[in-house]
Amino acid sequence: MKKEAITTQQWLKFIDREKLQTFQDLFSKSFGGSMAFFSLDDEPLTVWSRESLFCRALQKETLSRCEESAKTFKASLSTGRVKVYVCPFGITCLYCPVFFNGQPIAYAYCGGIIYPDSKLDKKLRLKYHLPVLNTNEVDNLALLLESALNLLDADYASLAERPSS
């Protein structure tokens, strides 16, 4: 049986954009980095939480390099697993696919994280309020995000087939 496809906008309406934004804001606040949700076509679905000003400043000079790095990791989103990536500037990012009806529908991006052994100057870390997390903390953050977003992968057909009480 072929699964019925829905658009990203239909999905966003179904799960409620405001609830997704609230989850994102609280998740971002909990680790101190930036976060946003995007369609598979890279259209923003939510408003950035704590957008990384460091990354924004860097992208003025190196946007194409950042975009190329991101493409590599976004291409592997269909695996269903969160990807942890450290950019050439030492910023750690997470790309996590969001599935609905068993199909990828969007992805979450978390970033602006620095590992303790980062070569980034401490003054820059402080100036841009970059959270410092160790490898274990980032791995736990990735697992928590992936697990939480897996809750959104509802089987749409089974929702429609529920008997009324």
Side-chain angles (χ1 to χ4, degrees), residues 6-115 118 120 124-125 128-153:
I6 68 168
T7 68
T8 303
Q9 290 305 315
Q10 288 171 319
W11 168 78
L12 200 53
K13 185 176 180 180
F14 177 75
I15 63 156
D16 188 336
R17 181 188 310 256
E18 289 181 25
K19 288 179 182 176
L20 186 64
Q21 183 73 50
T22 299
F23 166 78
Q24 171 193 301
D25 292 344
L26 291 172
F27 194 86
S28 174
K29 183 179 179 182
S30 73
F31 74 92
S34 60
M35 185 172 181
F37 283 87
F38 294 90
S39 73
L40 298 178
D41 296 324
D42 298 322
E43 296 298 320
L45 301 177
T46 55
V47 177
W48 276 99
S49 300
R50 298 178 47 90
E51 183 176 12
S52 175
L53 299 177
F54 180 76
C55 289
R56 180 176 268 197
L58 275 179
Q59 287 177 350
K60 288 180 183 177
E61 304 286 325
T62 63
L63 182 58
S64 62
R65 188 173 180 185
C66 295
E67 288 174 342
E68 284 304 312
S69 298
K71 279 183 191 178
T72 301
F73 286 87
K74 288 190 298 189
S76 64
L77 289 176
S78 62
T79 65
R81 300 303 312 262
V82 65
K83 300 294 179 193
V84 178
Y85 168 69
V86 180
C87 83
F89 300 99
I91 304 296
T92 302
C93 314
L94 307 175
Y95 292 93
C96 188
V98 180
F99 284 77
F100 183 77
N101 212 25
Q103 303 296 317
I105 193 93
Y107 70 92
Y109 169 85
C110 298
I113 303 165
I114 298 292
Y115 284 125
S118 171
L120 194 64
L124 286 175
R125 291 182 197 186
Y128 289 105
H129 309 286
L130 299 171
V132 179
L133 301 178
N134 66 42
T135 304
N136 192 47
E137 291 170 317
V138 171
D139 290 346
N140 287 338
L141 183 70
L143 182 60
L144 177 62
L145 179 63
E146 183 178 301
S147 298
L149 295 181
N150 281 340
L151 292 170
L152 298 177
D153 190 9

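What's counted below: heavy atoms across the whole structure, side chains too, no hydrogens, waters or symmetry copies.
Ring-plane geometry between Phe37 and Phe23 is classed as tilted, the angle between the planes lying from 30 to 60 degrees on a 0 to 90 degree scale. The aromatic rings of Phe38 and Tyr109 lie perpendicular to each other, with more than 60° between the two planes, well past the 30° mark.
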How far apart are the C-alpha atoms of Ile113 and Glu137, what are their side-chain angles, what is the distance that settles it, and do they pass the side-chain contact (heavy atoms from CB on, under 4.5 Å) test?
CA-CA 11 Å; Ile113 303 165; Glu137 291 170 317; over 6 Å; no
Could you go step by step and tell me if Arg17 and Gln9 meet the side-chain contact (heavy atoms from CB on, under 4.5 Å) rule?
CA-CA 9 Å; Arg17 181 188 310 256; Gln9 290 305 315; 3.3 Å; yes
Could you walk me through whether Ile6 and Ile105 satisfy the side-chain contact (heavy atoms from CB on, under 4.5 Å) test, starting with their C-alpha distance in whole Å, then the side-chain angles of each, then the deciding distance to 0.1 Å, before giving a yes or no?
CA-CA 9 Å; Ile6 68 168; Ile105 193 93; 4.3 Å; yes
Apply the test ring pair (Phe, Tyr, Trp, His ring centres under 6.0 Å) to residues Phe99 and Trp11: give CA-CA distance (whole Å), side-chain angles for both, the deciding distance (0.1 Å), then the verdict.
CA-CA 10 Å; Phe99 284 77; Trp11 168 78; over 10 Å; no
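Remark: side-chain polar atoms of Ser147 are paired, donor with acceptor, to backbone N or O of Leu143 under 3.5 angstrom. Using modelled atom types, no side-chain atom of Arg50 and backbone atom of Lys29 make a donor-acceptor pair closer than 3.5 Å. No donor-acceptor distance shorter than 3.5 angstrom exists from the side chain of Thr46 to the backbone of Gln21, with no hydrogens or angles considered. The closest donor-acceptor contact from the side chain of Asp153 to the backbone of Asn101 lies under 3.5 Å.
Phe27 has its side chain within reach of Leu141: a pair of non-hydrogen atoms, C-beta onward, lies under 4.5 Å apart. Within the 4.5 Å cutoff, the side chain of Thr8 has no heavy atoms near those of the Leu40 side chain. Looking at heavy atoms from C-beta onward, Leu130 lies in side-chain contact with Ile91 at the 4.5 angstrom threshold.
Pro131 and Gly112 make their closest contact through CD-O, 3.0 Å (heavy atoms, listed as atom of the first residue, atom of the second, distance). Among all heavy-atom pairs drawn from Ala142 and Val84, the shortest one is CB-CG2, 4.2 Å. Looking at every heavy atom in both residues, Ser118 comes nearest to Arg125 through O-NH2, 2.8 Å. Met35 and Ser28 make their closest contact through CB-CB, 4.0 Å (heavy atoms, listed as atom of the first residue, atom of the second, distance). The two residues Ala108 and Val98 have their closest heavy-atom pair at N-CG2, 4.3 Å. When all heavy atoms of Val82 and Cys96 are compared, the closest pair comes out as CG2-CB, 3.7 Å.
Taking the side-chain contact (heavy atoms from CB on, under 4.5 Å) definition, one finds that Asp139 meets it with Thr135, sequence neighbours left out.
Partner of Tyr115 under the side-chain contact (heavy atoms from CB on, under 4.5 Å) criterion, out of Val132, Leu133, Val86: Val86 alone.
Atoms CZ and CG, on Phe31 and Leu145 in that order, are 8.5 Å from each other to the nearest 0.5 Å. Rounding to the nearest 0.5 Å places CZ of Arg81 at 4.0 Å from CD of Glu146. To the nearest 0.5 angstrom, Leu12 atom CG is 5.5 Å from Leu45 atom CG. Between the CG atom in Leu144 and the CG atom in Leu94 there is a gap of 11.0 Å [rounded to 0.5 Å]. The OH atom of Tyr107 sits 4.0 Å away from the CG atom of Asp42 when rounded to the nearest 0.5 Å. For the atom pair CG (Asn134) and CG (Asn140), the distance works out to 8.5 Å, reported to the nearest 0.5 Å.
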